Every structure is written in structure tokens, then in C-alpha cells.
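These numbers come from a predicted model, not from an experiment.
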Amino acid sequence: MFKFFQRFATGVCACSLALLAAQVQGQDNGMPPELAAKIAEFGRVIDPAKSAPLYIPLQEKEPYAGVKVLRDVRYGPDERNLLDVFSAESAGATRPVLIYVHGGGFVAGNKRAPGSPFYDNIHLWAVRHGMVGVNITYRLAPAATWPSGAEDVGRAIAWVVANIGAEGGDPARIYVMGNSAGATHVTDYLSQAALQQPGGQRIAGAILLSGVYDLTT
């Protein structure tokens with residue numbers, strides 16, 4: 001049975017997940033006070049253009065110490081069916097896998113923008129906390145139509161099931177995390193048995209951030 005862990009983010013995922021990276025660097029008491037003060041100056045609004053740059057200095061820079069990164073691995077036939085894999089350089093016991101599906105209003109977004117630490121930071125957090133991270137991108141509207149996003153989530157999961165063991169991941173412990181449009185695609189995939197391989201694809205849990213979950217409208 002699938003386990004759904006729904007968390008409704010009040011900000012932008014790139015910014016909220018940056019806090020996790022800050023915690024990795026020893027700031028376990030939460031947001032740095034000087035950063036909190038700067039964010040408070042914006043008022044009661046969500047302003048990614050102003051807030052995201054404040055988080056960038058908190059992020060690790062490549063090359064990432066102790067982390068192996070495989071870039072732009074193809075998991076499906078479309079040119080946007082690409083994923084990155086983050087794993088620990090040191091060998092050890094198999095690790096659970098965190099797959100992240102970005103947002104973008106169904107018409108934009110990518111797993112990584114040139115020169116940006118987002119969304120590498122999510123998978124660095126995963127590796128630092130005993131997981132293997134998988135960062136995917138998918139087809140976009142209007143060129144791609146429903147249910148292409150959910151289909152691409154399924155293709156990426158199938159790739160992970162078949163290949164993640166070679167990167168130290170456990171295909172029996174896969175967690176899929178989606179933000180905004182990505183959360184909707186994850187929900188859409190999990191709700192449609194026809195999109196899933198016979199016997200299931202061993203999803204241990206789903207983490208849904210700020211998605212649209214009324215799939216009938």
C-alpha cells in the first residue's frame with residue numbers, strides 16, 4: 001500500500017529546501033537570524049526573485065566533496081527524459097532512494113539551471129542523510145499533453161528500479177518527491193494503475209509539496 005506524506009509548502013521549494021542544505025552545514029537550529037531578517041523585510045509575500053539569491057551562498061559548490069554525480073542519464077525517448085544521480089563516493093550498505101520532480105506550472109522548469117545550486121541542493125541533502133538522490137526533468141505543455149508528466153514519472157521510476165542498484169540504491173525503498181506541478185505529476189502517476197508496471201514499482205512513499213490534487217478539474 002502506498003504511503004502518502006503530504007506537506008504543503010508556504011514558500012518556493014528551492015528556497016525551503018535550501019534550509020536543509022544549511023542544516024547539513026551545522027545550522028541545525030533553523031534559518032540563520034540574518035537571513036530571517038532579510039526575508040522579513042519583504043513583507044507577507046512570496047518573492048522568489050528576491051529570496052532565492054539570499055540562499056545561494058548557503059549551498060555547496062561543485063565539485064561536491066564525497067559525492068558522485070551522474071549527469072543527464074536518459075530514462076525515456078524524449079529529449080527531456082533526463083535524470084541526474086547523486087550517490088556517496090564511499091561504498092557501503094544500500095541506501096533508500098529519493099527521486100525529485102521539479103515544478104514550473106506544467107510549461108517550464110528543469111532539474112537544474114546553469115550556474116544555479118538548485119535543485120542539486122536537494123540531492124546533496126539526500127546523500128548527506130544516507131540516501132541516493134535522483135533528479136529528473138520531464139516533458140512540458142503545451143507540446144506535451146496529459147498524462148505525459150505522469151508517464152515520465154513512471155519511466156523514471158522504472159529506470160531507477162532497473163539501474164539504481166549499481167549506484168548503491170535500494171530499489172525496494174524508493175520515495176518520490178514532487179513540488180508544485182511535479183507534485184501533481186507524482187499524484188497523477190500514483191493514482192493511475194495503468195501507468196504502473198505489472199507488480200508495482202515498489203514506491204515506499206510520496207512527499208507532495210504545493211501540488212494540485214483535484215485531478216478531476
Closest approach of [X] to [Y] (non-hydrogen atoms, all atoms of both residues):
X	Y	value
Arg139	Ser148	NH2-O, 3.3 Å
Pro147	Asp188	CB-OD2, 4.2 Å
Pro48	Pro53	O-CD, 3.9 Å
Gly104	Ala181	N-CB, 4.2 Å
Gly178	Ala183	O-CB, 3.2 Å
Gly130	Pro96	O-CD, 3.5 Å

Heavy-atom distance under 4.5 Å between the side chains of [X] and [Y], does that happen here?
X	Y	result
Asp152	Asp78	no
Glu89	Val67	no
Val97	Pro171	no
Arg155	Pro77	yes
Ile203	Ile174	yes
Tyr75	Tyr138	yes
Phe86	Asp120	yes
Tyr119	Asn110	no

- [ ] Start with the C-alpha gap between Val127 and Tyr64, add the side-chain angles, then the distance that decides, and say whether side chain to side chain contact (heavy atoms under 4.5 Å, CB included) holds.
- [x] CA-CA 11 Å; Val127 173; Tyr64 304 127; over 6 Å; no
Nearest 0.5 Å please: distance from the [atom1] atom of [X] over to the [atom2] atom of [Y].
X	Y	atom1	atom2	result
Leu208	Ser180	CG	OG	12.0 Å
Leu124	Glu60	CG	CD	5.0 Å
Arg80	Ile136	CZ	CD1	10.0 Å
Gln192	Glu151	CD	CD	8.5 Å
Met177	Ile122	CE	CD1	5.0 Å
Asp170	Thr94	CG	OG1	4.5 Å

Open item on the list: Looking only at the side chains, is there a donor atom on one of Tyr55 and Asn121 sitting less than 3.5 Å from an acceptor on the other?
Closed with: no
Would you be so kind as to tabulate the donor-acceptor pairs closer than 3.5 Å made by side chains of residues 157-168, with sequence neighbours excluded?
unit_1 : atom_1 : unit_2 : atom_2 : d
Asn163 : ND2    : Trp159 : O      : 2.9
Glu167 : OE1    : Lys68  : NZ     : 3.1

Task: Trace of the side chain to side chain contact (heavy atoms under 4.5 Å, CB included) decision for Leu140 with Val107 - done: CA-CA 5 Å; Leu140 300 174; Val107 298; 5.6 Å; no
Task: Stepwise side chain to side chain contact (heavy atoms under 4.5 Å, CB included) test for Arg74 and Leu82 - done: CA-CA 5 Å; Arg74 185 170 294 277; Leu82 300 173; 4.3 Å; yes
Open item on the list: Name the residue from Val101, Leu209, Asn179, Ile99 that meets the side-chain contact (heavy atoms from CB on, under 4.5 Å) definition with Val186.
Closed with: Val101
Open item on the list: If we check side chain to side chain donor-acceptor pair (under 3.5 Å) with Thr137, which of these qualifies: Arg112, His102, Glu79?
Closed with: His102
Task: Hphob cluster co-occupancy, Trp146 + Val212, side-chain heavy atoms under 4.5 angstrom - done: no
Open item on the list: Hydrophobic clustering (ILVMFWY, side-chain heavy atoms < 4.5 Å, transitive) - are Tyr213 and Tyr189 grouped together?
Closed with: yes
Task: Ion pair Asp72/Lys111, N-O distance below 4.0 Å - done: yes
TODO: I would like to know whether Leu190 and Val176 meet side chain to side chain contact (heavy atoms under 4.5 Å, CB included); could you show each step before the answer?
DONE: CA-CA 10 Å; Leu190 293 174; Val176 187; over 6 Å; no
